[in-house]
Amino acid sequence: MRTSKKVVAWGMVLSTVMLTLSGCGSNNGSTTPPTTKPVESAKATESAKAGGTKLAGDFEIQYFVGGYGDMWWKQAIADFQKQNPDLKIKESAGAKINDQMKPRWLQGNPPDFVYIDGAGSNTRQMVTDDQLMDITDWLKDAKNIDGKKILDLLIAPPEEYKPGKAYAVPLVFGSWGTFYDKALFKSKGWEAPVDFQSFMALGEKIKADGKMSDYIHTGVYPYYINGALLDPTIIAMNNYDTSISKKINTLEKGVWKSEPVMKALDKIVQIRDKGLIDKASPALNHTDSQSQWLQHKAAFIPTGIWVESEMAKDIPAGFEFGFLPSIGQDKGGKFVANPYTSTVGIAKKAKNPEAAKAFMQFIFTEKQSKLWAELSKAPSNIKADLEGTNAPALTKEAAKFYNSPNTVVAPEIVIPEELVTARNNATIALTKGEITPQQWADRMEEATDKIRAKEKK
């Protein structure tokens, strides 16, 4: 689902960074119900300042609670409160917070600071709807509370939803992929696939065994199969030229009917027509499909690195997470990692923009990167040496791929919410055999034409 241009520094970063899990547009990460409540203030040794002004007044932060949980947010906000005792900080948070807060955004009464993640949120759409502050000039030279330039610390730079403009900063860096149980594979004598051909061959073997499905996906949330299977395969079919992602992001006419996209869609059709997709997939949501996969009702699942953290309470004894960045590349090809970022921004109509900027300076530090890794079990977008943190085994497994010359880390596909919906619907119809790849492409071109026409007005 979302930003680009993050790739160049990634290999170098991971040689010193041991990252820890990514996040999910879902819930299950916290037992905390949606809330709008003040954080208790504590006496501060020193009050943080923004623009030389003591921070005071009301300051509201909206954040989605999903696979990352809310432990980091509560800790970071409490620490920020201690440094700014005159602020009255309010948290608006929960698994359904995006839907709950939508009326306020539409009415022009938004929170000051927002973490954009989870169902019902889309950074590009918020920019299109003129809901986020243009922070280009401020961010250009903004330094965190340690005196380091924020832009220099980012793995993935801010996406330019408008040329030369910055409206949001990526806080989380994760990756989609295909997952399996390494322990199960060892017991069965199965080799993890390294390309599409070996994936299909193993799928036939699993199907013949008759004890489980080969591939289960989250039909209720089709962006999982788009992010983990379709998008990386498009890059692989474009001879690993990642520029096609930019063509998609800029809504270039004809891109959905281009050869790389059509070849990638054909791979999904091949999986479907071989009967390798679990028949229950279209009716399942992410946690249901992940639960069935954990119970060995399917060998593979497309999801994100956050899955280990999100499903922590349901992981069977002896289960060993295996990770493949992609399965759509042809024999002899490279893996393609499709990243996923979640951003933070300041509302254009923020009532306390200075506090929002100061909070951004507070959280974009190496200290907070490490704290995020410990509490969220996920990689942040901030360069930091996480060697001494408790990184889950799955994250270390993924890091080996990211740091390999045999892996291409692609720019993120970031398209308008309306187009996300159209693509989700088209992909589900394709996996169910209701439409052909050509009809999928026709749907997407038609939907993109409508959005392009709207944006010209």
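No experiment lies behind these values; they were computed from the predicted model shown. Start at 1 with the first residue, then count along the sequence.
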**OP:** Could I get the full list of side-chain hydrogen bond (donor to acceptor under 3.5 Å, both in side chains) partners for Gln197, not counting sequence neighbours?
**Re:**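 Applying side-chain hydrogen bond (donor to acceptor under 3.5 Å, both in side chains) to Gln197 gives Asp330.
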Main chain of [Y], side chain of [X]: is a donor-acceptor contact present, judged purely on distance under 3.5 Å?
{"X": "Ser369", "Y": "Thr365", "value": "no"}
{"X": "Thr178", "Y": "Ile301", "value": "no"}
{"X": "Glu417", "Y": "Gln125", "value": "no"}
{"X": "Glu445", "Y": "Gly254", "value": "yes"}
{"X": "Gln329", "Y": "Val194", "value": "yes"}
{"X": "Asn249", "Y": "Val414", "value": "yes"}
{"X": "Asp181", "Y": "Phe319", "value": "no"}
{"X": "Gln75", "Y": "Leu371", "value": "no"}

Subject >> Steps toward salt bridge (Lys or Arg N to Asp or Glu O under 4.0 Å) verdict (Asp134, Lys348) >> reply: CA-CA 7 Å; Asp134 180 349; Lys348 184 175 182 178; over 6 Å; no
Original post:
Run the side chain to side chain contact (heavy atoms under 4.5 Å, CB included) check on Trp440 and Trp256 step by step: do they pass?
Top reply: CA-CA 9 Å; Trp440 185 100; Trp256 299 115; 3.7 Å; yes
Original post:
If you count the non-hydrogen atoms of other residues, nucleotides and ligands that lie under 6.0 Å from NZ in Lys367, is the total more than 12?
Top reply: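 Atom NZ in Lys367 is not packed in, count stays at 12 or less.
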**OP:** Can you establish whether the number of heavy atoms outside Met71 located under 6.0 Å from its atom CE is more than 12?
**Re:**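 Open.
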Is there a side-chain contact between [X] and [Y] in this structure, where contact means two heavy atoms from C-beta onward sitting under 4.5 Å apart?
{"X": "Tyr167", "Y": "Ile346", "value": "no"}
{"X": "Arg443", "Y": "Gln438", "value": "no"}
{"X": "Trp293", "Y": "Met212", "value": "no"}
{"X": "Asn338", "Y": "Pro325", "value": "no"}
{"X": "Ile327", "Y": "Phe335", "value": "no"}
{"X": "Thr123", "Y": "Leu132", "value": "yes"}
{"X": "Ile413", "Y": "Arg423", "value": "yes"}
{"X": "Tyr224", "Y": "His217", "value": "no"}

Can you name the salt bridge (charged side-chain N to carboxylate O under 4.0 Å, His left out) partners of [X], sequence neighbours left out?
{"X": "Lys274", "result": "Glu204"}
{"X": "Glu446", "result": "Lys450"}
{"X": "Glu418", "result": "Lys454"}
{"X": "Asp288", "result": "none"}

Once you round to the nearest 0.5 Å, how far does [atom1] of [X] lie from [atom2] of [Y]?
{"X": "Ile234", "Y": "Asp241", "atom1": "CD1", "atom2": "CG", "result": "13.0 Å"}
{"X": "Ile216", "Y": "Ser281", "atom1": "CD1", "atom2": "OG", "result": "4.5 Å"}
{"X": "Thr343", "Y": "Arg124", "atom1": "OG1", "atom2": "CZ", "result": "13.5 Å"}
{"X": "Ile77", "Y": "Phe359", "atom1": "CD1", "atom2": "CZ", "result": "5.0 Å"}
{"X": "Leu184", "Y": "His296", "atom1": "CG", "atom2": "NE2", "result": "4.5 Å"}
{"X": "Ile268", "Y": "Leu230", "atom1": "CD1", "atom2": "CG", "result": "4.5 Å"}

Original post:
Given the rule in the side-chain hydrogen bond (donor to acceptor under 3.5 Å, both in side chains) test, do Thr218 and Ser289 qualify, once you have shown the distances and angles that lead to the verdict?
Top reply: CA-CA 6 Å; Thr218 57; Ser289 61; 5.1 Å; no
Original post:
Which is it for Glu191 and Lys205 under the salt bridge (Lys or Arg N to Asp or Glu O under 4.0 Å) test, yes or no, and what are the steps along the way?
Top reply: CA-CA 11 Å; Glu191 291 289 335; Lys205 186 183 294 186; over 6 Å; no
Do [X] and [Y] pair up side chain to side chain, a donor and an acceptor below 3.5 Å, judged on atom types alone?
{"X": "Gln368", "Y": "Trp72", "answer": "yes"}
{"X": "Gln290", "Y": "Thr287", "answer": "no"}
{"X": "Asn424", "Y": "Thr427", "answer": "no"}
{"X": "Gln62", "Y": "Tyr115", "answer": "no"}
{"X": "Trp176", "Y": "Thr303", "answer": "no"}

Original post:
Tell me the ring-ring contact (aromatic ring centres under 6.0 Å, His included) pairs involving residues 407-438, sequence neighbours left out?
Top reply: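 Passing the test, one end in residues 407-438: no pairs.
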**OP:** Give the intermediate values and the outcome of side chain to side chain contact (heavy atoms under 4.5 Å, CB included) for residues Glu91 and Tyr63.
**Re:** CA-CA 8 Å; Glu91 297 176 64; Tyr63 62 89; 2.4 Å; yes
**OP:** Could you walk me through whether Asp214 and Ile277 pass the side chain to side chain contact (heavy atoms under 4.5 Å, CB included) test, one step at a time?
**Re:** CA-CA 6 Å; Asp214 179 58; Ile277 295 177; over 6 Å; no
State plainly whether the residues [X] and [Y] are in salt-bridge range, i.e. N to O under 4.0 Å.
{"X": "Lys370", "Y": "Glu366", "value": "no"}
{"X": "Glu252", "Y": "Lys246", "value": "no"}
{"X": "Lys188", "Y": "Asp209", "value": "yes"}
{"X": "Lys263", "Y": "Asp266", "value": "no"}

Original post:
Which pair of non-hydrogen atoms, one from Ser175 and one from Ala337, has the smallest distance, and what is that distance?
Top reply: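 Where Ser175 meets Ala337 most closely, the heavy atoms are OG-CB, 4.2 Å.
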Subject >> salt bridge (Lys or Arg N to Asp or Glu O under 4.0 Å) evaluation trace for Lys96 with Asp99 >> reply: CA-CA 6 Å; Lys96 299 180 179 179; Asp99 289 334; over 6 Å; no
**OP:** Any chance you could lay out the side-chain hydrogen bond (donor to acceptor under 3.5 Å, both in side chains) test for Asn406 and Ser404, step after step, and finish with the verdict?
**Re:** CA-CA 5 Å; Asn406 195 44; Ser404 169; 5.3 Å; no
What about [X] and [Y], are their ring centers closer than 6.0 Å?
{"X": "Trp73", "Y": "Phe64", "value": "no"}
{"X": "Trp190", "Y": "Tyr180", "value": "no"}
{"X": "Phe401", "Y": "Phe323", "value": "yes"}

